[in-house]
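Remarks on the structure that follows.
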Amino acid sequence: MDLSRIRNFSIVAHIDHGKSTLADRLIQLTGTVAEREMKDQLLDAMDIERERGITIKANSVRIEYPAKDGQTYILNLIDTPGHVDFAYEVSRSMRAVEGSLLVVDATQGVEAQTLANVYQAIDADHEIVPVLNKIDLPAAEPDRIKAQIEDVIGIDASQAIPISAKTGLGIPDVLEAIVQRLPAPKGDPDAPLKAMLVDSWYDPYLGVVVLIRVMDGRIRKGDRIKMMKTGAVYGVDKLAVLKPKMVDIDELGPGEIGIWTGSIKQVRDTRVGDTITTEKKGTETPLPGFKPSIPVVFCGLFPVDANDFEDLRDAIEKLALNDASFTYEMETSAALGFGFRCGFLGLLHLEVVRDRLEREYDIDLITTAPSVVYRIHMKDGSMQELHNPADMPDTTLIDHIEEPRIRATIMVPDEYLGDVLKLCQDRRGIQEELTYAGTRPLTVYDLPLNEVVFDFYDRLKSVTKGYASFDYQLTGYRQDNLVKMSILVNDEPVDALSMMVHRDRAEMRGRAMVEKLKDLIPRHMFKIPIQAAIGGKVIARETLSAMRKDVTAKCYGGDATRKKKLLEKQKAGKKRMRQFGKVEIPQEAFISALKMD
Ligand code: GTP
């Protein structure tokens, strides 16, 4: 393949600025997919992505475009996930292409994720073509947004292309700009094979499918291929390009992007960012910058009905086949029985996995308090990582505890700035920057990750009516005064509700939790004390008073159908309850009790 006729690019944008819609238009206009097969948001494969409108897995499409210069070009688009949890996958896919379309919603302007993603593109030395989307809307202000892109990002936006991904306006200009303004890839076809593993996923028919970008050399059907990080060797059974349907091909050369399969059993055996070469006469030098993605948020997943445990195990194993960044191990809890301790890249990742388990596999789940990974430094000089507050070692043996911190970038309209600063301060944030991105305030905070995992996004959204944008990176660990807080219901500790908190905030958290639980736990025939404690010391307490349990008592008189309805309702409610000693706690309590107002 003639390298000068290839263009590889990605699209960077803030969520909802129209990245998927633009990708669809590019595919449609070049006739890559027949009109009748076109469904909106082609690249978002999974239903759940479609429903939530978020893109999770990087994916790719090869487009053939006859340009105005009379030549036909191969355009490879790698679609990157837009959410902060998947920042590492974004950075790898960026290294697989030479240029980016920077899509900015002309009614909204630059947002936190626009910045985070465009900086990744700049880091990867991309040529960047700014695109102003949604100019069909009356509220579009292309000139103002152009100036903002120049001010805030510091790139030339004079040639920004005004488009409407919805109506198709300006799409031909985007295709021409990809050819004219983005550089062709470089690479030596005769050098040993060097390719980057960009993504991988599990296909029920083909096994693990690996998306690669060839840098140097060639990969052919029948080759023996080595993964440099793991040392594993596989054959190339199938080699194909994605249009976006798989179309078989015999060889991929420098600058090309395609997939191969070779009886790989688990997505885990394929590390995003790894270098791929031939088993014999391969390259000696891997591509720089590989790092494995590691889970940062952990929580327990338990079936509401203990009989569903085997189903849950099955479902988790299937999910993990397709998601290497999700980890799990069996866990037993005194109160919840058998379940799994699972690790996620972030909160959104956790939510997506939990949703899929409940929806695709139809299992009712109890999710325990999400926890970050603490470093417990013992007096004997050793260090252990704590993934679960229930495993906290004897406090007399602990010297100090460190927690992970993040650098959070938040952009928000002026009128909500005060509320956002207060929220960050309340969550133990330390302000590092407060500047203006054009006319909008931009603030950077150093925050403990543990204060963000519960409900920070939700709170941020609600105090700013949805106008704030947020992005974060992990920065490192820092020592702080952290303690384990336990919750006792009817004098029994409910380990699924125990959590690590900062000592200064323990009373407040404890009080909020017991008050919430008092509202969430239905009354029983006896009095129930609900307490929060640190070590043996109770720091907050509420008492749920007793009541008669017979729900039909309140329908005096003899309306039998109403009585039956009430009993049925009570029965249905019971299904989602768990028994703790003598007390029944509804499933929602586990999530709701953790949210702070
Ligand atoms: P994520 O996949 O969540 O990152 O979002 P995205 O950036 O891919 O945005 P998407 O393409 O899903 O578009 C978001 C919303 O904006 C959808 O409801 C689109 O229909 C709408 N939209 C996209 N482009 C245009 C446009 O040019 N004009 C108008 N009016 N609406 C648009």
Side-chain angles (χ1 to χ4, degrees), residues 9-29 33 38-61 77-91 93-94 100-121 128-142 145-146 149 160-175 177 199 244 345-349 351-352 355 411 457 461 466-472:
F9 69 105
S10 62
I11 306 179
V12 297
H14 187 73
I15 278 181
D16 279 348
H17 282 197
K19 185 176 73 169
S20 309
T21 313
L22 173 59
D24 290 349
R25 279 309 148 267
L26 296 176
I27 293 169
Q28 200 177 25
L29 198 71
V33 176
M38 192 73 199
K39 33 182 185 175
D40 281 346
Q41 312 225 335
L42 255 170
L43 292 179
D44 292 357
M46 290 192 293
D47 271 359
I48 221 163
E49 291 186 13
R50 197 178 289 273
E51 216 166 272
R52 296 196 158 200
I54 50 170
T55 314
I56 294 165
K57 273 300 199 187
N59 229 318
S60 148
V61 61
L77 163 61
I78 289 191
D79 189 26
T80 53
H83 193 272
V84 290
D85 287 358
F86 305 95
Y88 177 68
E89 293 194 7
V90 177
S91 87
S93 2
M94 294 278 184
S100 283
L101 301 178
L102 167 65
V103 176
V104 181
D105 182 332
T107 67
Q108 304 281 324
V110 173
E111 297 286 347
Q113 277 162 37
T114 317
L115 282 177
N117 290 331
V118 80
Y119 287 143
Q120 297 233 30
I128 293 166
V129 174
V131 172
L132 306 172
N133 191 28
K134 306 199 187 180
I135 56 154
D136 57 296
L137 295 176
E141 299 177 89
I145 305 302
K146 253 191 216 181
I149 292 175
I161 308 169
I163 68 159
S164 165
K166 191 170 175 183
T167 66
L169 182 83
I171 305 299
D173 301 333
V174 175
L175 286 163
D199 193 13
L345 295 178
L347 258 203
L348 179 89
H349 189 206
E351 267 178 45
V352 168
D355 265 27
M411 289 181 71
Y457 298 125
K461 260 190 258 157
Y467 283 112
S469 59
F470 172 72
D471 196 84
Y472 73 83

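Whatever order the structure lists them in is the order used to number ligands and atoms, beginning at 1. Note that this is a predicted model, so its numbers are computed, not measured.
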- Hey, does the side chain of His17 reach the backbone of Ala13 with a donor-acceptor pair shorter than 3.5 angstrom? no
- Task: Give a yes or no answer on whether the side chain of Ser100 reaches the backbone of Leu102 with a donor-acceptor pair at less than 3.5 Å.
- Result: no
- Would you call Thr114 and Val104 a side-chain contact if the rule is heavy atoms closer than 4.5 Å? yes
- Message: For His17, which part has a heavy atom under 4.0 Å from ligand 1: side chain, backbone, both, or neither?
- Response: backbone
- Could you tell me whether Ser164 approaches ligand 1 through its side chain, its backbone, both or neither, with non-hydrogen atoms closer than 4.0 Å? both
- Element-labelled atoms of ligand 1 that are located less than 4.0 Å from some non-hydrogen atom of Ser20: 2 (O), 6 (P), 8 (O), 11 (O)
- Do ligand 1 and Leu22 have nitrogen or oxygen atoms that lie under 3.5 Å from each other? no
- Message: Any nitrogen or oxygen of Leu137 lying under 3.5 Å from a nitrogen or oxygen in ligand 1? Just yes or no.
- Response: no
- Task: Have a look at Lys166, His14, Lys134 and point out the one with the heavy atom closest to atom 16 (O) of ligand 1.
- Result: Lys134
- Where the side chain of His14 meets the backbone of Gln113, is there a donor-acceptor pair that is under 3.5 Å apart? yes
- Compare all side-chain heavy atoms of Asp105 with those of Glu111 and state whether any distance is below 4.5 angstrom. no
- Query: Hey, is Asp16 touching ligand 1 through its side chain, its backbone, both or neither, going by heavy atoms under 4.0 Å?
  - Reply: both
- Message: Is there a side-chain contact between Met411 and Leu115 in this structure, where contact means two heavy atoms from C-beta onward sitting under 4.5 Å apart?
- Response: yes
